[in-house]
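What follows is a short report on a single structure.
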2 protein chains.
Amino acid sequence: MAPVSPRRRIPEATVARLPVYHRSLTELKESGVTTVSSEQLADLAGVNAAKVRKDLSYLGSYGTRGVGYEVEYLLFQIDRELGFANDLGVVIVGLGNLGQALANYDGFGDRGFPVTALVDADPAKVGSTLHGMQVQHIDDIESIFADGDLTIGIIATPAAAAQGVADRLVAAGVRSILNFAPTVVTVPDGVHLRKVDLALELQILGFYEQRDATEAVNAADSDS
Amino acid sequence: MAPVSPRRRIPEATVARLPVYHRSLTELKESGVTTVSSEQLADLAGVNAAKVRKDLSYLGSYGTRGVGYEVEYLLFQIDRELGFANDLGVVIVGLGNLGQALANYDGFGDRGFPVTALVDADPAKVGSTLHGMQVQHIDDIESIFADGDLTIGIIATPAAAAQGVADRLVAAGVRSILNFAPTVVTVPDGVHLRKVDLALELQILGFYEQRDATEAVNAADSDS
DNA sequence: AATCGATTGTGAACAAGAGAACTAGCTTGT
DNA sequence: ACAAGCTAGTTCTCTTGTTCACAATCGATT
C-alpha cells in the first residue's frame with residue numbers, strides 16, 4: 001500500500017529537457033570532453049544554468065562542487081533514467097508522405113527507437129517494402145504486438161482515421177502514442193499520448209509574426 | 001512612449017490553443033452548425049470548458065450568455081487574431097527525407113501556409129523539381145526574400161548545418177523559424193523560433209513507458 | 001593546514017497556467 | 001412583465017515551473 005518509489009518524482013518539464021541534455025552530453029563526450037559545468041551545459045542546451053542544476057538534482061547528486069559534472073557518468077545516469085537500457089520499438093501507422101518520411105528517417109533508430117513495423121489500411125500499400133520492411137495491414141495489428149514487447153505507436157494517418165487507429169493501438173496493448181494527425185485524439189487513462197502538429201506550429205509562428213508586424217505599424221503611427 | 005497596444009496580451013498557452021479551436025470550429029462550420037457552447041467546443045478541442053472561455057475572452061467578448069458562440073463569427077475573429085488575412089509563405093531548407101515529405105505535405109498549404117520556395121545546399125538537388133517547384137541553392141537565399149514578404153523558414157537539414165542555415169535565414173530577413181533539426185539553434189532577439197524534435201518526443205514517451213513498467217514491477221514486489 | 005576561487009545543490013521568491021466557483025446577462029416560456 | 005434556466009465572462013485558489021540567491025563543498029595553491 002505504501003508508495004514504492006516516492007523518492008523522487010521528476011517534473012514533466014524536466015523530463016522533456018533530459019533528452020536535450022543527453023544530446024549535448026553525447027556531443028561533448030565525442031569531442032573528448034570529460035567534465036562540464038552547469039553553465040556550459042546550459043549554453044549547449046539553450047537553457048538557464050540554474051534550471052540545469054535543478055533538473056539534474058532530481059536524478060541525484062551526480063556533480064562535484066567546485067568542478068562540475070563528469071560527462072560520461074552523467075550520460076550514464078540520464079540513459080538509465082530515460083530507459084535507454086530497454087529497447088523500445090516503434091510502429092508507424094499510415095504511410096502517406098509523412099509516414100514514409102518517418103519510416104525512412106534514421107533519426108529514430110539512431111536514438112534507440114528502431115522502427116519495428118509499418119502498418120497501413122490501403123491494400124495497395126500492404127505487402128510493399130519500405131526501408132527494408134514489409135508493410136502490414138492494420139487488421140493484423142494485434143499479431144504485431146503479440147510478443148508483449150513495449151512499443152510506441154506513431155499515428156501518421158489522415159485526421160479522419162486517427163481516432164480509430166488510436167483505439168486499435170490501445171486495444172492491442174500499446175501504452176504510448178505519438179500522434180501526427182492534425183486532430184484531437186483521446187485515449188484512456190494510463191496511456192500516454194503526445195502530439196506533433198506541424199501546421200499548428202506554423203500557425204503559432206504566424207500569430208507572432210503578424211502581431212509584430214502590426215505593432216511596428218502602430219509604433220510608426222504614434223511617432224507621426 | 002506609452003505602450004501602444006496594451007489592451008490585451010494573449011498568454012502563450014492560449015496562442016497555442018487558438019489554432020486547435022480554429023480547427024474544431026472549421027469542422028463545425030462544415031457540418032452546418034451555427035452556434036457552439038464552450039462545453040461543446042472544449043470537448044472537440046480536448047480541453048476544459050473554463051479554459052475555452054478564458055482563452056476566448058482574451059480575444060474579446062464574442063459570445064452570448066445563455067446561448068454560446070456563433071461559429072462563423074468566432075472563426076472570423078480567430079482568423080483575424082492568428083493573422084490568416086495575411087498570406088504567409090514558407091521556405092523549406094534542406095530536402096532530405098523529412099524536407100521532401102514536408103514539401104509534399106498538403107497540410108501546410110491547406111491551412112494557409114503555401115510553400116513558396118525549396119532550398120538546399122546540395123548542387124545535385126538544386127534545379128530538380130519537387131511538388132511542382134524548383135529547388136534553389138541556399139546561396140541565392142537573399143534573392144528569395146527580396147520582395148519583403150513575410151515568410152517562415154523551415155529548417156529540415158542535418159543537425160550540423162542547422163545553425164548556419166538559421167543565421168542565413170535571419171540575415172535574409174526571416175523573423176520566424178521552425179526547426180526540425182535535432183539540435184539547439186539560437187537566434188537574435190525579435191526572431192521567433194520553435195522546434196519540432198521527433199526523436200525527443202519518442203524519448204519522452206519512452207521515459208514514461210519505462211517508468212510505468214518499473215512501477216508495475218515494484219508494485220508486484222510489494223504484493224509478494 | 002589553511003585559505004581561496006569555483007561550482008553544485010537547494011530553499012525561497014516569483015511567474016504562469018489550470019481549474020473551480022461565482023457573477024452577470026441573455027433567451028425562452030408563461 | 002417576470003421567472004427560470006443556460007451559458008459567457010471573471011475572480012480566486014492551487015499547482016507547476018522558473019529564477020534568484022546563498023550556503024555547502026570541493027580542488028588547488030600557498
Side-chain angles (χ1 to χ4, degrees), chain A residues 6-21 24-25 28 33-75 77-78 81 184 189 194 204 207-208, chain B residues 6-21 24-25 28 33-78 81 204 207-208:
Chain A
R7 209 174 63 224
R8 63 196 187 227
R9 173 155 210 93
I10 302 184
E12 217 175 302
T14 296
V15 172
R17 279 188 296 266
L18 285 180
V20 181
Y21 302 146
S24 303
L25 287 166
L28 286 173
V33 178
T34 59
T35 289
V36 67
S37 73
S38 60
E39 197 127 6
Q40 291 173 285
L41 187 51
D43 268 2
L44 290 171
V47 301
N48 179 297
K51 210 180 320 196
V52 169
R53 290 199 296 276
K54 180 153 277 194
D55 283 343
L56 295 182
S57 77
Y58 288 114
L59 308 186
S61 284
Y62 298 137
T64 308
R65 296 172 196 234
V67 179
Y69 300 89
E70 201 193 328
V71 171
E72 200 149 348
Y73 186 55
L74 186 55
L75 205 41
Q77 293 298 343
I78 296 180
E81 201 66 49
V184 173
D189 278 2
R194 293 185 66 86
I204 295 172
F207 168 83
Y208 288 112
Chain B
R7 208 174 63 223
R8 67 199 181 222
R9 173 154 212 94
I10 303 183
E12 217 175 303
T14 296
V15 172
R17 279 188 297 266
L18 286 180
V20 181
Y21 300 147
S24 302
L25 288 166
L28 285 172
V33 177
T34 58
T35 290
V36 66
S37 73
S38 60
E39 197 127 6
Q40 291 173 284
L41 188 51
D43 269 2
L44 291 170
V47 300
N48 177 295
K51 210 182 317 197
V52 169
R53 290 198 296 274
K54 198 188 282 190
D55 283 343
L56 295 181
S57 77
Y58 289 113
L59 309 185
S61 285
Y62 297 138
T64 308
R65 298 172 193 229
V67 179
Y69 300 90
E70 200 192 329
V71 172
E72 199 149 350
Y73 186 55
L74 186 54
L75 207 42
F76 169 75
Q77 293 297 343
I78 295 180
E81 201 66 49
I204 294 172
F207 168 82
Y208 289 111

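Labels below follow one simple rule: chain letters A, B, ... track the order of the sequence lines, proteins then strands, and each chain is numbered from 1. Everything numeric in this text was worked out from a predicted model, so none of it was measured.
Atom P of nucleotide D:dA8 and atom CG of B:L74 are separated by 10 Å, given to the nearest angstrom. In this structure, CZ of B:R9 is placed 13 Å from C1' of C:dA16, rounded to the nearest angstrom. C:dG17 atom P lies 12 Å from atom CD1 of B:I10, rounded to whole Å. One atom, NZ of A:K51, and another, C1' of C:dC14, lie 14 Å apart when rounded to the nearest Å. Whole-Å rounding puts the B:E70 CD to C:dC26 P distance at 16 Å. Atom CD of B:Q77 and atom P of D:dA8 are 16 Å apart (whole Å). Regarding A:E39, its CD atom lies at a distance of 15 Å from the C1' atom of C:dG9, rounded to whole Å. If you take CG of B:D55 and P of D:dT10, they are 13 Å apart, rounded to a whole angstrom.
Taking only side-chain nitrogens and oxygens, B:S61 comes nearer than 4.0 Å to OP1 or OP2 of D:dG9. Residue B:Y69 places no side-chain N or O under 4.0 Å from the OP1 or OP2 atom of D:dC6.
Two residues are said to be in side-chain contact when any heavy atoms from C-beta on lie closer than 4.5 Å; B:T35 and B:T64 fail this criterion. Looking at A:L59 and A:L18, their side chains come closer than 4.5 Å, going by heavy atoms from C-beta outward. Residues A:T34 and A:V71 fail the side-chain proximity criterion, which asks for heavy atoms closer than 4.5 Å. Using a 4.5 Å heavy-atom threshold, the side chains of A:V47 and A:V52 count as touching.
Nucleic acid contact class of B:Y58 (heavy atoms, under 4.0 Å, all strands): none. Nucleic acid contact class of B:A13 (heavy atoms, under 4.0 Å, all strands): sugar-phosphate only.
The base of C:dG17 does not come close enough to the side chain of B:K54 for any donor and acceptor atom to sit less than 3.5 Å apart. Residue-to-nucleotide contacts include a donor-acceptor pair under 3.5 Å from the side chain of A:R65 to the base of C:dT8.
Listed nucleotides: D:dT19, C:dT27, D:dT10. Nearest to the side chain of B:S57: D:dT10.
Each of A:T64 and A:N48 was matched to the nucleotide of DNA chain D holding its nearest heavy atom; the match closer to the 5' end belongs to A:N48. Residue whose closest nucleotide on DNA chain C sits further toward the 5' end, between B:E12 and A:R53: A:R53.
Here the closest heavy-atom approach between residue B:G46 and residue A:V184 is recorded as CA-CG1, 4.0 Å.
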